[in-house]
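The structure appears below as structure tokens.
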Amino acid sequence: MTASDTTSELEKLVSDLRGLLANKDLDAVPEIKLLRQRLDDGMHHVRESAVRAAQDAARQAKDAALAADRYAHDEPWRVAGAALALGAVVGFLLARR
């Protein structure tokens with residue numbers, strides 16, 4: 001499940017809760033008003049956390065890709081040798097079946 005799927009599911013759950021809490025018969029209950037405020041505050045914090053987590057993950061993936069690209073350009077023969085060795089091992093394992 002991706003972060004956007006998780007966020008979507010969470011927002012759907014909150015929407016369902018808001019729908020339940022929006023019942024006009026519950027307006028007379030002070031605890032419902034407090035619960036609505038806590039729910040809104042919690043969703044705000046969760047959204048901020050989800051956005052930060054997605055941005056951090058994207059930055060880390062970009063950094064890793066740049067490091068791999070830099071290494072491949074600095075050490076092309078090592079990368080080619082590693083790819084050749086890995087291919088030979090996979091080929092050997094597949095041939096044994």
Taking side-chain contact (heavy atoms from CB on, under 4.5 Å) as the definition, give me every residue that meets it alongside Glu48, ordered by chain and number, with sequence neighbours left out.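 Scan of Glu48 (side-chain contact (heavy atoms from CB on, under 4.5 Å), adjacent residues dropped) gives His44, His45, Arg52.
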Considering residues, nucleotides and ligands other than Arg59, do more than 12 of their heavy atoms fall under 6.0 Å from its CZ?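 It does: Arg59 CZ has more than 12 such atoms within range.
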Does a donor on one side chain and an acceptor on the other come within less than 3.5 Å for Asp41 and Gln37?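 Result is yes, a qualifying pair exists.
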How long is the straight-line distance from CG of Leu13 back to OG of Ser8, given to the nearest 0.5 Å?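 Separation between the atoms: 11.0 Å.
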Below 3.5 Å, can you tabulate the donor-acceptor pairs from side chains in residues 64-93 to any protein atom, sequence neighbours excluded?
from, atom 1, to, atom 2, distance (Å)
Asp69, OD1, His73, ND1, 3.3
His73, ND1, Asp69, O, 2.8

